[in-house]
Each structure stands twice: as structure tokens, then as C-alpha cells.
A.B. asks: 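Below are the C-alpha cells for one structure; questions will follow.
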Amino acid sequence: MHLLLTIAWRNIWRHPARSGVLIAAVAVGLWAAVMVIGWANGLMQQRMDYVIERELTHLQIHHPDFPDDGHPWDHIPDHNQITSWLDDHPQVRSHASRTITDGMLQSPVKTSGVRIRGIDVAAETRTTTFHENMVQGEFLDADLSNPAIISRILADEHNMRIGNRIVLTFENVDRELTSSAFHIAGLFTSASSEYDKRNIFVRSKDLTEILAGRPIFHEIGVMLVHEIETEAFVAMLNKHFEDILAQTWRELSPELSMIVELGDVMILLISLIIMAALGFGILNTMLMALFERMRELGMLLSIGMSKVRIFCMIMLEALILTFSGALIGMALAWLSLHHLGQTGINLEMFAQGAALIGFDYLIYPFLSIGDFLLMSLVVVSVTLAASLYPALKAVRIHPLEAARDA
Amino acid sequence: MPIVQTENLTKVYNPETVPVHALRNVSITIDTGEFTSIVGPSGSGKTTLLNMIGGLDKPTSGTVLVDGVNVTRLKDRQLINFRLKNIGFVFQHFNLIPVFTARENVSFIMLLQKKDKKEMRQRTDELLEAVGLGSLKDARPREMSGGQQQRVAVARALASRPRFILADEPTASLDTRAAMNLLDIMLRMNHEEQVTFIFSTHDQRVIDRARRVITMVDGIVEADEHRK
Ligand SMILES: Nc1ncnc2c1ncn2[C@@H]1O[C@H](COP(=O)(O)OP(=O)(O)OP(=O)(O)O)[C@@H](O)[C@H]1O
Ligand SMILES: [Mg+2]
């Protein structure tokens, strides 16, 4: 073994430039792969955190019919019982109840279909970061009677400003159409213009008064201490309370969960491409090394070096080359991730226009230990696979190759 | 005592397309301790004969017995081991591992044979001194002349303590002085270590010093002459 290691090692240094290029290629390839994956992870994580924290929350509780129908009379039964249970539960960080109904926004200019969301300012601020979307005016704690917050886009469409009066028309729980006047207290802008056009915020206690004359709630958004516990917690809620439907953020926002899955597919693709390049690089280098050494290998076979040893010698060469590269690449990647995971990657200069609105300019790339180990394992497997062919070819060389004239 | 015996050894290259009869019913016997040269014009089958004896290629028909073992019957893997244990090889070119020093090239074969480390070191030094390369032990092949490289090859061939050494035109790429020097060394080793040498050559001065000369023409043994 020591003998084979020595030969393999020296053979590598026979062409320092060629070996160096391969090592560098492996290192840079791996570094790039880890960085891209880490970056994609960071981006996805940020997008996820953003949507969850801005409004979605880890999980939501509704009346079982509400998600599909959205009728105001499908409100959460035994609401107080559920909220006090949530208050006492150690896994819960905070929660916010919302009164929701669909209706019409009328102004002299036009009429828009909107979802009217009644929120409790204190609870909402504790639970989500929606208030950070405010771009002008005040949040719902203004002194006005019946304050409302609409998006800047909607305000522009209706040609309205802060302080203007708007009329909202919707069905109450008795299925009677009612109209009420609200006053614009502030304007918000979220990451999605579609969302902006369809949502209006009012105070829960104002809305519930008009809807039912008593407090009713259609949605409880819950933030847990640990996101990872969401699924189990939702299952427990559904078991513990009757006539409600608790759903995880994945169920509530299929597009978000699709982004996450898409990200995983992208990561897989990038890894595959880089690994394929790596494999061909090794294959090429090893075949070159093989062809220029045919006579030498023939001589080794002639004088009695076994095929197993020759096979191992070639494999060792490939392994040493890739491992050096992989080790350097991994170390660099780890250092880079470690550094950038703290400082973040600043995308401010690319963050022109709407594409990145709602995203933080700073992306914090990361890669889990598991993914890191997986990558290393894949690199090792790819190397082994790619060096197998040259090694098997070496074993098939005829000893007479050595005797052949120059 | 015979060490190599060939019986009706025949080799036909390309039997299907353009048959070339490289050997025709060659039967020779070589005894232990001989210093035999195989001579003949180009294309007469010298290399082919040596390859058959060394188990590097299979004959079309006939047998090669080494110490009574029918080499032609051995499987590939057995052959490699057989060569390692019994035969020392000196080729015309590409004898040495370029990334190894003279010393390492000689030890290499003993490492393959799993010899004792101490014995190995001692024998390597002894042999390199014997072939006159005491001062070039740590030189790599490309730092040595052709003659010096061939002497390392002879030392390596001897290192494994083979039953015999096969050398195909070992002096062909050497100048006269280097060639004579190599031959001196081979003769001395033949004496001192009682190793059998079988080698092919074109070189008349080399032929003159052989003790037995087998002359091949067109794949046939034309003359077999023992000298004193
Ligand atoms: N691999 C091969 N395929 C086909 N024909 C071959 C092969 N090797 C040798 N021959 C032919 O067999 C005959 C004997 O060749 P061989 O190499 O044994 O001669 P040689 O005596 O060693 O010649 P030289 O002195 O030139 O080395 C020649 O006619 C040669 O062309
Ligand atoms: Mg020849």
C-alpha cells in the first residue's frame, strides 16, 4: 500500500501543471457549487421567513368552510377557548385573531372587490411584521373613527389620499348587505402588487361590530417558537379542537412551498452539472495520464506487478487529486459561508425595480452540515466512478506494450 | 539441468488475415547457468521467441517448459506471479519507472515480492555497486545515460533472484563502450550469481562474447553453437 501511494503521489507530480489545474478545478467547482447552493438556501429561507413573518404566520386556524367559501358567518367557534389555550401553550410564541370578510370598495372613480381584514393592532404587531409595510400615515391606532389602511396602489387607482372617506359594502352574518364609511389612516406597500390591490385593513373591533354586533373572528394566525414543530402542532390542534381547521404555512401558501421545492430541484440540477463537469475532468486527466504511460504500465505488468495493484495505483492517483481539490474547495466554501453567513451578501446594487421589493438586500447563505457531508460524499462517488474506467483500461493493457519499439 | 525447454514452438501472427510465421517448430533447451545469445536478421523471430519464453505472449502451438512448468497453460494472473518469481526482464527501452530513483527501481521488484526490508536495502546497494552505479543511487532515470539506465535494469532484473533473465536487445540503443560495459556486468553476474542469461542481439561484438549462440532465420533455428 505504501508502495502504491508513493508511485501514485510521484506520478501526480510528474505533471505539476496538469495536476494543479485539476485540483484547482475541483476546488473551484466545489466551492462554486456550495456557494450557489448556500445562496439559494439563503434566498429561499429569506423569502420563506419574509412571507411567514409579514402576514402568513406558521399556521392558521379557521372554520373548516372558511378557506374555500370565505363567508362571514363561517367564524371560528369557541374562539376564546382556543386563544386562551394558545396563550398557555409553551410552544406558541404569539398569535393574532382576525375578522375577515369580502366586500366592495366604492369611490367616485370606481368600485373594487376587496378582502377586508379586521385586525387587532397590539396582537398583530406582536405576531407579524405587517406594520413594517406602512409607507405613509399611521397604523390603525389612529384617533379617527373607523380608520382603514389601503395600499398605495389602490389609493392611486381610486385617486384618494390619507384622510379621505371610503365606503365598504359587504354581507353581515345575517346575510344582509351593509355599507359603512371608513377613513384612510395610512398607506402600505407589500411585496406583491396583486395582494395590494385586493386587501384592506381595518380594526377588528370596528368590523366585527358591523358584521355581527359582537366579537367574531375568522382567522387566528399563530407563530410558534420553532418553525420545525409546525406540522406536529397543527395535527395536535386539529385533534384537540372540534369544528376548526388548522393548516401549516405550506398548506396555506402552496406557491411558497412550491418555491421551496423548486429551489431544491434547482440545487439538485446545479450539483448535477458541477458533478458531471468534475467527473469528465477527472476522466480526461486520468485517460491522458494513462495513454502516455502505456509502455510503462506494460513494463510493470511484464516484470510482475499484479493487475490489482495497477488498478489501485490508478485509482489512488485519481483519489489523491480529487481529495486535495475537494478538501481545498470545502475549506474555502466553509470559510466563505461562515463569513458571508454573518455579513450577508449585499444585493443592493442589483435590487433595482420591483423584482426584489419585499426582499432584504442582504442574503445570508447557509448550508446544513448534512448537505455539506452529502456534497462530499457525492464528490467522492463521482471521482470513484470517473476513475473506474481509466483504471479498468489500465488493467487491460497487454504486457507486450513494453516490448514494442519506440 | 535444463531450465527452459521449448517443444515445437510455433507462432503465427494474424492467422486469419495475413499470416506471418514468426516461429516454426522451435525446440531448444537451455541449461541453468548458461549465457545464451539469440541472433539473426531482423524479422527472424528473436523477440517472438523471448516473449514466448517469458510468458508475455501465447504460442500458436507447442509448449514452453520453465523448470518443468508448462508456461503456456498458465492463466493471466498466474503468469504475472510466475514472471515475478522466476524471470528477470531487461527491455530495449522503457525499463524503469521514471518517477523512481535507481535505488527505488531496484527495490521495487523486491517490494512486489514482499521481501524483508533489511535484506532488500542491502541487496539493492550491493547490486547498484556491482553494476557500477554506487554514486547514482538516488538519480532518477532521466538524469542517467542510456547505458546507466540499462545497468539499473540489469540490477533490477537480478534483484528478484530470478531463475533466468530475458533481455531483448539490451545493448541496441547503447554506444560501443556502454554496450561492452553492460555485457561485462552481465557476464560477471552470470559468474558470481550463477544467473542464466538469455538475450537477443544484432551486435557482432556482443555475439563474440556469448558462450552459446542460437541463430534464427525465418522463424527456424538455423544454428546452435556452444563455445568455450
Ligand atoms: N504483433 C505482431 N503482429 C504481426 N506480426 C508480427 C508481430 N510481431 C512480430 N511480427 C512479425 O513476426 C516476425 C518476427 O518478428 P520479431 O519481432 O520476432 O523479429 P526479430 O527477430 O525480433 O526482429 P528485430 O531484429 O527487428 O527485432 C516479423 O516478420 C514481424 O513482422
Ligand atoms: Mg526484436
Side-chain angles (χ1 to χ4, degrees), chain A residues 1-20 285-286 288-314 316-318 320-321 391-406, chain B residues 13 42 46-48 50-52 54-58 75-101 104-114 117 120 140-142 153 156-157 159-160 162 165-169 172-173 200:
Chain A
M1 195 62 191
H2 181 247
L3 176 69
L4 294 180
L5 258 176
T6 314
I7 304 194
W9 178 252
R10 299 238 185 116
N11 275 330
I12 285 168
W13 292 111
R14 217 156 150 172
H15 293 283
R18 187 166 78 197
S19 301
T285 305
M286 291 318 292
M288 261 163 83
L290 187 71
F291 286 137
E292 70 185 19
R293 258 190 296 178
M294 294 290 258
R295 291 165 199 282
E296 190 182 324
L297 291 167
M299 180 270 292
L300 291 172
L301 276 166
S302 298
I303 65 173
M305 185 167 180
S306 72
K307 296 192 171 192
V308 176
R309 281 184 161 134
I310 287 182
F311 179 85
C312 292
M313 181 178 84
I314 301 281
L316 267 176
E317 249 181 84
I320 293 173
L321 278 172
L392 285 174
K393 222 170 157 58
V395 167
R396 296 234 182 79
I397 289 174
H398 198 276
L400 279 185
E401 204 67 51
R404 208 169 271 176
D405 294 338
Chain B
Y13 288 111
S42 185
K46 307 181 291 291
T47 298
T48 307
L50 288 180
N51 287 345
M52 299 297 146
L56 296 177
D57 205 357
K58 300 266 183 214
K75 301 236 172 57
D76 256 19
R77 189 180 304 174
Q78 294 170 311
L79 262 177
I80 291 177
N81 202 27
F82 178 84
R83 290 198 293 263
L84 177 62
K85 285 197 179 124
N86 298 292
I87 312 175
F89 286 92
V90 180
F91 303 104
Q92 186 181 341
H93 306 281
F94 306 106
N95 265 298
L96 306 177
I97 300 170
V99 294
F100 274 3
T101 62
E104 287 165 333
N105 264 290
V106 175
S107 312
F108 176 74
I109 195 99
M110 290 186 275
L111 278 169
L112 291 183
Q113 289 178 323
K114 304 206 169 76
K117 282 267 158 65
M120 185 180 82
R140 300 240 178 140
R142 74 178 130 75
R156 183 199 57 205
S160 60
I165 289 177
L166 290 174
D168 191 9
E169 317 241 11
S173 43
S200 71

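This structure is a prediction, so every number in the text was calculated from the model and none was measured. Chain letters run A, B, ... following the sequence lines, proteins first and then strands; every chain starts at 1.
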A.B. asks: Once you round to the nearest 0.5 Å, how far does CE of A/M305 lie from CD1 of B/I80?
C.D. replies: 10.5 Å
A.B. asks: Is there a side-chain contact between B/L96 and A/M299 (heavy atoms, below 4.5 Å)?
C.D. replies: no
A.B. asks: Under 4.5 Å heavy-atom distance to chain A, tell me which part of B/R156 shows up: side chain, backbone, both or neither.
C.D. replies: side chain
A.B. asks: Answer yes or no: are there more than 12 heavy-atom neighbours, outside A/R14 itself, under 6.0 Å from its atom CZ?
C.D. replies: yes
A.B. asks: Is it the case that over 12 heavy atoms from other parts of the model lie below 6.0 angstrom from the NZ atom of B/K85?
C.D. replies: no
A.B. asks: Determine the minimum heavy-atom distance between B/L84 and A/G304, stating which atoms define it.
C.D. replies: CD2-O, 3.7 Å
A.B. asks: Chain A heavy atoms under 4.5 Å from B/F100: which part of the residue, side chain, backbone, both or neither?
C.D. replies: both
A.B. asks: Under the rule for side-chain hydrogen bond (donor to acceptor under 3.5 Å, both in side chains), what residues qualify as partners of B/S160, not counting sequence neighbours?
C.D. replies: none
A.B. asks: For B/I87, is it the side chain, the backbone, both, or neither that has a heavy atom closer than 4.5 Å to a heavy atom of chain A?
C.D. replies: neither
A.B. asks: Would you call A/W13 and B/V99 a side-chain contact if the rule is heavy atoms closer than 4.5 Å?
C.D. replies: no
A.B. asks: Restricting to side-chain hydrogen bond (donor to acceptor under 3.5 Å, both in side chains), what partner residues turn up for A/R10, sequence neighbours left out?
C.D. replies: B/E104
A.B. asks: What distance separates A/L297 CG from B/I97 CD1, expressed to the nearest 0.5 Å?
C.D. replies: 10.0 Å
A.B. asks: Let me confirm one number: the CZ-OG distance from B/R83 to A/S302, rounded to the nearest 0.5 Å.
C.D. replies: 5.5 Å
A.B. asks: Name the region of B/R142, side chain, backbone, both or neither, that has any atom closer than 4.5 Å to a heavy atom of chain A.
C.D. replies: neither
A.B. asks: Drop me the distance from B/F91's CZ to A/L400's CG, to the nearest 0.5 angstrom.
C.D. replies: 8.5 Å
A.B. asks: Taking all non-hydrogen atoms of both residues, which atom of B/D76 and which atom of A/K307 are closest, and how far apart?
C.D. replies: OD2-NZ, 3.5 Å
A.B. asks: Chain A heavy atoms under 4.5 Å from B/N95: which part of the residue, side chain, backbone, both or neither?
C.D. replies: backbone
A.B. asks: Assess whether atom NZ of A/K393 is packed by more than 12 heavy atoms of other residues, nucleotides or ligands within 6.0 Å.
C.D. replies: no
A.B. asks: Can you say whether A/R293 sits under 4.5 Å from chain B via the side chain, the backbone, both, or neither, judging by heavy atoms?
C.D. replies: neither
A.B. asks: Which distance, rounded to the nearest 0.5 Å, do you find between the CD1 of A/I7 and the CZ of B/F108?
C.D. replies: 4.5 Å
A.B. asks: With rounding to the nearest 0.5 angstrom, report the CG to OG1 distance, B/L111 to A/T6.
C.D. replies: 8.5 Å
